[in-house]
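Notes follow the structure.
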Amino acid sequence: MARVLGLPDDIRACLFDLDGVLTQTAKVHQAAWKRTFDEFLRRQDPAAEEFSSADYNEYVDGKPRKDGVRDFLAGRRITLPEGSDDDPADAATVAGVATRKNELVLAELEEHGVQVYEGSMRYLRAAKEAGLSAAVVTASANGAHVIEVAGFADLVDARIDGLVAARDGLRGKPAPDTFLAGAEALGVEPAQAAVFEDALSGVAAGRAGHFGFVVGVDRVGQAAGLAERGADVVVQDLDELLGTTT
Ligand SMILES: [Mg+2]
């Protein structure tokens, strides 16, 4: 049955990233990061170079929030103290910058809700109808909330999100830990699971975990980068896979 989904025959489960794969929230995250970092950099140096789309794709997308803060600022040769989770949003600490970014994301979700990708919803329903199981594997600490608001919680058999990762000490993408936990939660071996990812760090995690198939979802014109980091196939929307054979 996996064949009608454009997947190898032995695939039994799908591990979907959330933001940018199932929901259009990657744009929300990117805008929140840009505002957070631009405000922060300008306080340090009014002439600082702005946070760019390339910065988002290379340093931040798909990673746990604090890893994104550290990795982007390291690229600018800035090291901040870690601080603590109750630091105010204007604190010059990793925790403070991460808090500011999350405040902006939550305000945006509150105001505008969550939009899904309709092609991804068709694919998710087709996968379930074909008898495959589905997990959402996301670095987002807001994963449960986003799935609930988007209205497809009934199609998701397991969820590994930022809160689960923190609780269980799982390393974030590009490490494969969270995808491996997703496969385990669905009771399949990595070789029986397909990973669906829009982030460079995410397809790298798929390759690192030796999953049966890695689908790169190119929403921003980085198909070559996704293929290079580990995607077996790159599509612009998941429903391109329906009716194809691998
Ligand atoms: Mg993503």
Problem set entry | N/O donor-acceptor pair under 3.5 Å between Tyr123 side chain and Leu5 backbone | yes

Problem set entry | Residue among Arg229, Lys173, Arg207, Arg219 satisfying salt bridge (charged side-chain N to carboxylate O under 4.0 Å, His left out) with Glu197 | Lys173

Problem set entry | Donor-acceptor contact below 3.5 Å, side chain Asp168 vs main chain Leu170 | no

For this session: Could you check if a side-chain atom of Thr23 sits within less than 4.5 angstrom of a side-chain atom of Phe152, using non-hydrogen atoms only?
Result: yes

For this session: Determine whether Leu186 and Phe211 fall in the same hydrophobic cluster, where Ile, Leu, Val, Met, Phe, Trp and Tyr are linked whenever their side-chain heavy atoms lie under 4.5 Å apart.
Result: yes

For this session: State whether the side chain of Ser52 and the backbone N or O of Asp55 hold a donor-acceptor pair below 3.5 Å, judged by distance alone.
Result: yes

Seminar exercise, completed: Rounded to the nearest 0.5 angstrom, the NZ-CD distance for Lys27 and Gln115 is 6.5 Å

Exercise. Would you say Asp19 and Gln24 make side-chain contact, with heavy atoms under 4.5 Å?
Worked result: no

For this session: With the side chain counted from C-beta on, respond yes when Gln192 and Asp10 share a heavy-atom pair under 4.5 Å apart, and no when they do not.
Result: no

Exercise. Step by step, would you call Lys128 with Asp157 a salt bridge (Lys or Arg N to Asp or Glu O under 4.0 Å)?
Worked result: CA-CA 10 Å; Lys128 295 306 300 279; Asp157 302 301; 3.2 Å; yes

Problem set entry | Donor-acceptor contact present, side-chain Asp87 to main-chain Ala95, <3.5 Å | no

Exercise. Does Asp218 reach the main-chain N or O of Gln222 with its side chain, forming a donor-acceptor pair under 3.5 Å?
Worked result: yes

For this session: Walk me through it: do Lys66 and Asp85 pass the test salt bridge (Lys or Arg N to Asp or Glu O under 4.0 Å)?
Result: CA-CA 11 Å; Lys66 287 180 187 171; Asp85 286 343; 2.7 Å; yes

Exercise. Which residue, Asp198, Val220, Leu200, forms the side-chain contact (heavy atoms from CB on, under 4.5 Å) with Asp61?
Worked result: Asp198

Exercise. Between atom CG of Leu124 and atom SG of Cys14, what is the distance when rounded to the nearest 0.5 Å?
Worked result: 8.0 Å

For this session: Mind running salt bridge (Lys or Arg N to Asp or Glu O under 4.0 Å) on Arg35 and Glu39 for me, showing each step along the way?
Result: CA-CA 6 Å; Arg35 190 165 153 200; Glu39 285 172 357; 3.3 Å; yes

Exercise. Does Thr178 reach the main-chain N or O of Gly172 with its side chain, forming a donor-acceptor pair under 3.5 Å?
Worked result: no

Exercise. Distance from His210 atom NE2 to Leu180 atom CG, nearest 0.5 Å?
Worked result: 9.5 Å

Exercise. Taking the side chain as C-beta and beyond, is there a heavy-atom pair between Val217 and Asp237 under 4.5 Å?
Worked result: no

Exercise. When clusters are formed by joining ILVMFWY residues with side-chain heavy atoms under 4.5 Å apart, either directly or through shared neighbours, do Leu241 and Val4 land in the same one?
Worked result: yes

For this session: Going by the side-chain contact (heavy atoms from CB on, under 4.5 Å) test, name the single residue among Val105, Val114, Ile147 that passes it with Asn142.
Result: Val105

Problem set entry | Glu129 CD to Arg125 CZ distance, which is reported to the nearest 0.5 Å | 8.0 Å

For this session: Provide the full list of ring-ring contact (aromatic ring centres under 6.0 Å, His included) pairs with a residue in residues 68-118, sequence neighbours left out, each pair given once.
Result: Phe37-Phe72, Phe51-Phe72

Exercise. Once you round to the nearest 0.5 Å, how far does CG of Leu73 lie from OH of Tyr59?
Worked result: 11.0 Å

Exercise. Do the side chains of Gln30 and Ser53 get nearer than 4.5 Å, heavy atoms only?
Worked result: yes

Problem set entry | Shortest non-hydrogen contact between Val188 and Ala193, atoms and distance | CG2-CB, 4.1 Å

For this session: Examine Phe196 and Leu132 and state if one hydrophobic cluster contains both, with Ile, Leu, Val, Met, Phe, Trp and Tyr joined whenever side-chain heavy atoms are less than 4.5 Å apart.
Result: yes

Exercise. Does any non-hydrogen side-chain atom of Arg76 lie less than 4.5 Å from one of Gln44?
Worked result: no

Exercise. Given side chains that start at C-beta, do those of Val195 and Val215 come closer than 4.5 Å, heavy atoms only?
Worked result: no

For this session: State, yes or no, whether a side-chain contact exists between Arg65 and Trp33 at a heavy-atom distance under 4.5 Å.
Result: yes

Exercise. Can a salt bridge be assigned to the pair Arg12 and Glu189 using a cut-off of 4.0 Å between side-chain N and carboxylate O?
Worked result: no

For this session: Assess whether atom CD of Glu148 is packed by more than 12 heavy atoms of other residues, nucleotides or ligands within 6.0 Å.
Result: no

